[in-house]
Amino acid sequence: MHFSTLARRCAGLTLGLSMLIAGATAQAADPVPVRVGLAAASSDVGFFIADKKGYFKEEGLAVTFVNFDSAAKMVAPLGAGQLEVGAGSAAAGLYNAVTRGIHIKIVADKGSTPPGYGFQPLLVRKDLVDSGRYKSLKDLKGMKIAGSAPGSGSTSTLNEALKKGGLKYSDVERVFLAFPQHVAALQNKAVDAAMTTEPSATKAIQSGAAVRIMGDDEIYPNHQLAVVLYSSDFIKDNPDAAKRFMRAYLRAVRVYNDALKDGHLAGPGAEDVISILTEYTNVKDPAVYRAINVQACNPNGAVYVPSLKNDLAFYKEQGEVKGNVSVDDVLDNSFAAAAVKELGVYKKK
């Protein structure tokens, strides 16, 4: 056997043994409790897969999911040490927390919108489309448009849509509701339109209440819409558990990526992923998940920084963020980088 080949095999064996020993050591001790905030979105799938497949348990972590009606509402509990991890967004509240000395960090991608992966589309009520009230983006003027929370990623997406229609953010009326509530709001005509994440968007369309106008991959390509957040206490007080959490999470994200095909859950292992989503969410019909336009999620964890900078500029313009704060102040790539070093760079099956 050639020496270089032998060396590579030995290196691979050493890495495998080191991960096995680390996992065994973690399990030998009492499991580390990790509370994860979720916002009832399909982009939480990485956490669900890691839990269902036992990846968190293998890393010696006792993970508990805590539900919120908006990712923006996770910031305060993260800052207060009531959550270790947030399945959230780079919202205005995150930057404001940093200006107050609360060092929550963005540590990985959870959902982004490269072409073909528009998982938070713009919806308009079907009756408004049928009547001709809505024909193009400029017709959004004066409409009531639902979003998740002030200063959230969806507000920046809507701003980009309005700009395409020659409108300003102030040209529409905002109504803030949890994403699942958008369906009922469109059905009962409490709102005219919505920026709604999946699977709620597909449910609204299938109910006949709304029409999909444009995916956010068209409105705002490569938007870093959802991220994984770590509390400062988790980073500072239990960095080893934080590393193990990231390793489990990225293993799960790679399972998810294997199942993707053309912006849908239609690749190898897709039915397994769909089964997990129907178990962990309140959408129990597998057909919904077969139909939805899903989010992209970087299997190596990296976030798209230009998008984060654009969002922060919009929040500052709207007066949602005050003070001297930058994207660099909230970004920590070290946990994802360490996990990739151990797992290797992802290669799609």
Side-chain angles (χ1 to χ4, degrees), residues 39 69-73 75 88-99 113 118-129 131-179 181-186 188-197 200-201 204 209-226 306-327:
D69 62 10
S70 165
K73 295 182 180 178
V75 172
S89 65
L94 171 64
Y95 295 102
N96 288 328
V98 171
T99 65
T113 65
F119 75 109
Q120 185 175 262
L122 171 65
L123 307 179
V124 173
R125 277 191 0 233
K126 189 174 184 301
D127 64 297
L128 297 177
V129 175
S131 69
R133 166 64 177 85
Y134 178 88
K135 294 178 182 177
S136 66
L137 291 172
K138 68 179 182 180
D139 297 322
L140 293 172
K141 186 170 184 177
M143 286 191 177
K144 290 184 179 180
I145 304 179
S148 59
S152 65
S154 68
T155 64
S156 186
T157 306
L158 178 61
N159 183 57
E160 296 297 322
L162 292 169
K163 286 194 294 185
K164 288 180 183 295
L167 302 175
K168 301 187 295 294
Y169 191 72
S170 58
D171 285 331
V172 300
E173 181 181 345
R174 299 310 315 276
V175 178
F176 295 107
L177 304 165
F179 288 122
Q181 295 173 6
H182 290 195
V183 181
L186 288 161
N188 64 28
K189 302 183 180 181
V191 299
D192 303 310
M195 293 295 314
T196 306
T197 197
S200 299
V211 173
R212 180 187 173 96
I213 299 301
M214 189 181 291
D216 51 347
D217 59 322
E218 301 169 78
I219 296 168
Y220 191 169
N222 300 305
H223 189 189
Q224 188 61 62
L225 192 54
S307 165
L308 296 177
K309 290 182 176 179
N310 184 65
D311 287 355
L312 177 57
F314 171 67
Y315 301 149
K316 288 183 175 181
E317 176 188 301
Q318 292 296 308
E320 297 283 356
V321 172
K322 298 179 174 67
N324 185 21
V325 59
S326 70
V327 169

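Keep in mind that what you see is a predicted model, and the values were worked out from it rather than measured. One-based numbering along the sequence shown.
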Decide yes or no for [X] and [Y]: does some side-chain heavy atom of the first lie under 4.5 Å from some side-chain heavy atom of the second?
X      : Y      : result
Ser200 : Val183 : yes
Leu162 : Leu137 : no
Asp139 : Arg133 : yes

Can you sort out the partners of Asp217 under salt bridge (Lys or Arg N to Asp or Glu O under 4.0 Å), two or more places apart, ordered by chain and number?
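For Asp217, no residue satisfies salt bridge (Lys or Arg N to Asp or Glu O under 4.0 Å) once neighbours in sequence are set aside.
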List the residues meeting salt bridge (Lys or Arg N to Asp or Glu O under 4.0 Å) with Lys189, not counting sequence neighbours, and say none if there are none.
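Listed in chain order: Asp127.
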For the pair Leu225 and Gln120, evaluate side-chain contact (heavy atoms from CB on, under 4.5 Å) and give the outcome as yes or no after the intermediate values.
CA-CA 9 Å; Leu225 192 54; Gln120 185 175 262; 3.6 Å; yes
Check: Leu167 main-chain N/O paired with Asp171 side-chain donor or acceptor under 3.5 Å:
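No, the answer is negative, given that no donor and acceptor are paired below the 3.5 Å cut-off.
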Can any side-chain N or O of Lys316 pair as donor or acceptor with the backbone N or O of Val325 at less than 3.5 Å?
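Yes, because the side chain of Lys316 sits within donor-acceptor range (under 3.5 Å) of the backbone of Val325.
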How close do [X] and [Y] get, heavy atom to heavy atom, and via which atoms?
X      : Y      : result
Gly319 : Lys322 : O-NZ, 2.8 Å
Ser136 : Tyr134 : O-CE1, 3.0 Å
Leu186 : Ala210 : CD1-CB, 4.0 Å
Tyr169 : Gln318 : CD2-OE1, 3.4 Å

Working to the nearest 0.5 Å, report the span between [atom1] of [X] and [atom2] of [Y].
X      : Y      : atom1 : atom2 : answer
Lys141 : Glu173 : NZ    : CD    : 14.5 Å
Asn188 : Arg125 : CG    : CZ    : 9.0 Å
Thr113 : Tyr220 : OG1   : OH    : 8.0 Å
Arg174 : Ser170 : CZ    : OG    : 12.5 Å

Output all residues satisfying side-chain hydrogen bond (donor to acceptor under 3.5 Å, both in side chains) with Thr196, sequence neighbours left out; order by chain, then residue number.
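side-chain hydrogen bond (donor to acceptor under 3.5 Å, both in side chains) list for Thr196, sorted by chain: His182.
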For Asp216, give me all partners under side-chain hydrogen bond (donor to acceptor under 3.5 Å, both in side chains), at least two apart in sequence or on another chain.
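Not a single residue meets the side-chain hydrogen bond (donor to acceptor under 3.5 Å, both in side chains) criterion with Asp216.
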Evaluate the criterion side-chain contact (heavy atoms from CB on, under 4.5 Å) for residue pair Leu140 and Val124; output intermediate values, then yes/no.
CA-CA 9 Å; Leu140 293 172; Val124 173; 4.2 Å; yes
Any salt bridge (Lys or Arg N to Asp or Glu O under 4.0 Å) pairs touching residues 148-157, not counting sequence neighbours?
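The answer is none; no pair qualifies.
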Determine which pairs satisfy ring-ring contact (aromatic ring centres under 6.0 Å, His included) with at least one residue from residues 139-158, sequence neighbours left out, and list them in order.
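Listed by first then second residue: nothing to list.
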Listing request: all ring-ring contact (aromatic ring centres under 6.0 Å, His included) pairs with a residue in residues 135-167, at least two apart in sequence or in separate chains.
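For residues 135-167: none.
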With side-chain contact (heavy atoms from CB on, under 4.5 Å) as the criterion, how do Leu128 and Met143 come out once you've worked through the C-alpha distance, each side chain's angles and the decisive distance to 0.1 Å?
CA-CA 10 Å; Leu128 297 177; Met143 286 191 177; 4.1 Å; yes
Counterpart residues, side chain to side chain contact (heavy atoms under 4.5 Å, CB included), relative to [X] (two or more places apart):
X      : answer
Ala226 : Ser43, Lys110
Val211 : Lys126, Val129, Ile213
Val175 : Lys144, Leu177, Val191
Pro150 : Phe176, Glu320

May I have the step-by-step check of side-chain contact (heavy atoms from CB on, under 4.5 Å) for Asp192 and Ile145, ending in yes or no?
CA-CA 6 Å; Asp192 303 310; Ile145 304 179; 5.8 Å; no
Hey, can you tell me if Tyr95 and Tyr315 have their rings parallel, tilted or perpendicular (30° and 60° cut-offs)?
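If you compare the ring of Tyr95 with that of Tyr315, the planes turn out tilted.
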Between side-chain atoms of residues 154-161 and protein atoms elsewhere (two or more places apart, or another chain), which donor-acceptor pairs fall under 3.5 Å?
unit_1 : atom_1 : unit_2 : atom_2 : d
Ser154 : OG     : Ser152 : OG     : 3.1
Thr155 : OG1    : Ser152 : O      : 2.5
Ser156 : OG     : Asp311 : OD1    : 2.7
Thr157 : OG1    : Gly153 : O      : 3.2
Thr157 : OG1    : His223 : ND1    : 3.0
Glu160 : OE2    : Lys163 : NZ     : 3.2
Glu160 : OE2    : Asn310 : ND2    : 3.3

